[in-house]
Amino acid sequence: MNNLIKDQFIRDLGDLIGKKNVLTTEWSKLPYSKGWRYGEGKALAVAKPETLFEIWKIIEFCVGLDIIVIMQAANTGLTGGSTPYGDDYDRPILIINTMRISDIHIIDDGKQIVGFAGSTLIGLEKQLASYDREPHSVIGSSCIGASIVGGVCNNSGGALVKRGPAYTELSLYAKIDSSGELVLINDLGIELGDTPEEILSNLQNQNYNKDQIKFPNKLASDNEYEQRVRDIEASTPSRFNADKRRLYGASGCAGKVAVFAVRLDTYPIPERNQVFYIGTNSSKVLGRMRRDILSQFKHLPTSGEYLHRDCYDAAKKYSKDTFIVIDKLGADFIPKLFEFKRIVDLIAGKLKILPNHFSDRLMQFISNFSFNHLPRRMEEYRDKYEHHWIIEFSEEGIDEAKAYFTEFFQNNEGDFFECDEKEAKKAILHRFVAASAVGRYHSLNQKNIGSMLSLDIAFPRNELDWFEDLPEEIDSSFEMKLYYGHLFCHVLHHNYIVKKGVDAEELMQKLLKYYDAKGAEYPAEHNVGHEYFAKPALSKFYKDLDPTNSFNPGIGKTSKKKYWN
């Protein structure tokens, strides 16, 4: 693209959405062109539209000028899937950030919602509170301001045992067909008009009534997941990103189409909840409990979060500041904290007197002087037990679980306690801030260690040896290993720090080969991004959605070239 065409394109964008909403300096683009944890690349500009129809017009500009489009919401992905990656694209790139378009429409008396491109889980949770209902996902990624649409596009979530990954067959999106024409697909199940302008404007302005809301024979959640996760003898995982069952339109698209809105089911808030904290020194004990609960219980748990002792310790030290912020100021403060952190690092990057990762160093220094934030009984279990499992039940399931745990630990190693409200909140929070510990440790010790690796693994449902026991030739290559995950569905997150001098890419391939032999699938819920290869079913889905390869090319280590050449 020559400079005259580029300048005209930037002017056209400014005329459409306002000059202040078109970012062109490297400084201003960096928070959008660099991944939250992984990946970065160059972009012509970042466009921040205010309406759905503005998104459509921007994409029209891009189609006419053969410009790649990367759709982005909160940019909180862990595998770099919402930013450019590298500088080997064959066309210029525009990032469209949708966070200004955060509308949420409550429909069917709160039983369903329509979430716009930039709407967040935190915002949805607040809006549903008056209906005594909650979103698909209320823990984990919601704490860092993740978007509703991003979750659907990446098959995210699944920590909640009865709900599975985010999924819908009801969405509104634009795609570019094989002839290069931009088309709008209205699968929302709402009658909104005929032309793109009518459809997008009527939805934006909520210009529709109850009679125009239809209820087609399409899913707005994974209604088979409870039955699927109970099948403990199955030789396949309960959920993973390349599962053909759950690739449909916007669901699992990974940005290969431009998603304007999704329609999702909501869930009633239980009247009673109880968190049980379990400790043992045997992973096989947890494996037996998992199988018992899934196969024998009448009432499934709400969640079941695993944490290894080493990860417990790392999170206690390196995720302490994040824990305290959420605990004292609330989860909706976290996006502001991360934005502040990015700004501090951008400024520090301009000042040679300040070290790399200055914000991490500053926050860690401050947290070292704060109080011990974890409850006494959790700390006692840390000293006694290697494996920790935080299980939440609701309603009638509480009594069923208490009776089972009491009897089980009369004959098996380990123990449990019933958390009070304060302990429950802190136990769950400690588990979910654990994900940030490895990044902080790596930032502080980068000079003395090698690369950081992460695996997001889905084990077969019948796998008995779920706890990692690596061959010595692989195990000896690590400086640190941190294990946590969602044990009921056998989705585990393994974070590693490689020893200095070790070839991280070669080591990663050995790890993946080891898990291939166990029948595992990966990634399980973070999606491929630019970190994993998209397996054939997923790659075919991407190509069918985007035959010209104009949206988010290169995802899943696929081709970045036009028409996938």
Side-chain angles (χ1 to χ4, degrees), residues 108-112 125 128-140 142 157-167 219-234 238-239 264-280 285-306 377-378 388-412 414-429 431-432 461 486-491:
D108 195 21
D109 297 320
K111 295 183 181 66
Q112 289 189 331
E125 190 172 352
L128 286 175
S130 60
Y131 293 86
D132 292 323
R133 300 184 74 84
E134 61 187 12
H136 162 270
S137 186
V138 295
I139 48 181
S142 59
L160 300 182
V161 181
K162 303 172 189 176
R163 301 180 191 177
Y167 180 74
L219 299 178
S221 61
D222 187 346
N223 65 345
E224 299 173 350
Y225 188 72
E226 183 169 337
Q227 177 183 350
R228 186 172 176 82
V229 77
R230 281 186 180 275
D231 187 1
I232 59 171
E233 301 304 335
S238 57
R239 60 185 176 94
L264 293 167
D265 291 332
T266 67
Y267 302 84
I269 297 174
E271 292 183 8
R272 292 195 303 145
N273 293 287
Q274 177 62 56
V275 171
F276 298 89
Y277 200 98
I278 293 159
T280 179
V285 165
L286 298 189
R288 285 197 295 272
M289 293 175 68
R290 171 189 171 270
R291 291 175 64 85
D292 286 349
I293 293 170
L294 291 178
S295 63
Q296 299 173 19
F297 274 38
K298 181 179 180 181
H299 306 283
L300 280 183
T302 301
S303 64
E305 295 304 306
Y306 170 74
R377 288 200 288 183
M378 281 177 60
H388 298 237
W389 202 11
I390 305 153
I391 307 180
E392 182 175 4
F393 280 88
S394 63
E395 312 298 9
E396 293 87 350
I398 297 172
D399 295 332
E400 186 178 18
K402 184 176 179 181
Y404 169 81
F405 294 146
T406 301
E407 181 179 355
F408 182 88
F409 284 114
Q410 289 176 359
N411 304 301
N412 292 276
D415 205 352
F416 82 100
F417 66 84
E418 296 177 68
C419 296
D420 60 31
E421 188 175 343
K422 185 176 181 180
E423 288 171 328
K425 179 183 176 183
K426 292 196 171 189
I428 292 171
L429 182 54
R431 154 62 189 90
F432 278 99
R461 284 163 281 175
H486 320 297
L487 194 53
F488 280 114
C489 54
H490 260 187
V491 168

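Not measured: the values here are computed from a predicted model. All residue numbers refer to positions in the sequence shown, counting from 1.
Between P165 and D222, the shortest heavy-atom contact is CD-OD2, 4.0 Å. Between M378 and F417, the shortest heavy-atom contact is N-CZ, 4.2 Å. In terms of heavy-atom proximity, Y404 sits nearest to M289 at OH-CA, 3.4 Å. Here the closest non-hydrogen pair linking N411 and E407 is ND2-O, 3.5 Å. Taking all atoms of both residues into account, the shortest heavy-atom contact from Y277 to H388 is OH-ND1, 2.8 Å.
Using bins of under 30°, 30° to 60° and over 60° for the plane-to-plane angle, the ring pair F416/F405 lands in the tilted bin.
In this structure, the side chain of R272 does not engage the main chain of S394 through any donor-acceptor pair within 3.5 Å. Within the 3.5 Å criterion, the main-chain N or O of G164 finds a donor-acceptor partner in the side chain of H136. Without hydrogens or angle criteria, R377 side chain to E418 main chain gives a donor-acceptor distance under 3.5 Å. Within the 3.5 Å criterion, the main-chain N or O of L128 finds no donor-acceptor partner in the side chain of E134. A side-chain donor-acceptor contact under 3.5 Å links R228 to the backbone of S238. Put simply, the side chain of R163 gets close to the backbone of P135: a donor and an acceptor are under 3.5 Å apart. With hydrogens and angles ignored, the 3.5 Å screen pairs no side-chain donor or acceptor of R431 with any backbone N or O of E305.
For E400, the side chain to side chain contact (heavy atoms under 4.5 Å, CB included) partners at least two apart in sequence or on another chain are F297, K298, H299.
Heavy atoms of other residues, nucleotides or ligands lying less than 6.0 angstrom from CD of Q296 number more than 12. Within 6.0 Å of atom NZ in K402, 12 or fewer heavy atoms from other residues, nucleotides or ligands are found, so the atom counts as exposed in its surroundings.
Contact of the K111 side chain with the Y131 side chain is not registered, since no non-hydrogen atoms from C-beta on lie closer than 4.5 Å. Residues H490 and R239 fail the side-chain proximity criterion, which asks for heavy atoms closer than 4.5 Å. Side-chain contact between L300 and V229 is present, with heavy atoms from C-beta onward closer than 4.5 Å. At least one side-chain heavy atom of Y267 sits under 4.5 Å from a side-chain heavy atom of S221. Residues Y167 and E224 are not in side-chain contact: their nearest non-hydrogen atoms beyond the backbone lie 4.5 Å or more apart.
Annotation: the span from I390 atom CD1 to E423 atom CD amounts to 11.5 Å, rounded to 0.5 Å. Interatomic distance, I391 CD1 to F488 CZ, rounded to the nearest 0.5 Å: 4.0 Å. Between T280 atom OG1 and F408 atom CZ the span is 7.5 Å, to the nearest 0.5 Å. Rounded to the nearest 0.5 angstrom, T266 OG1 and R133 CZ are separated by 3.5 Å. Rounding to the nearest 0.5 Å gives a distance of 5.0 Å between CG of D265 and CD of Q112. Distance check: I293 CD1 to I232 CD1 gives 11.0 Å after rounding to the nearest 0.5 Å.
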Output, in order, the C-alpha distance, side-chain angles, deciding distance and verdict of side-chain contact (heavy atoms from CB on, under 4.5 Å) for R291 and R461.
CA-CA 9 Å; R291 291 175 64 85; R461 284 163 281 175; over 6 Å; no
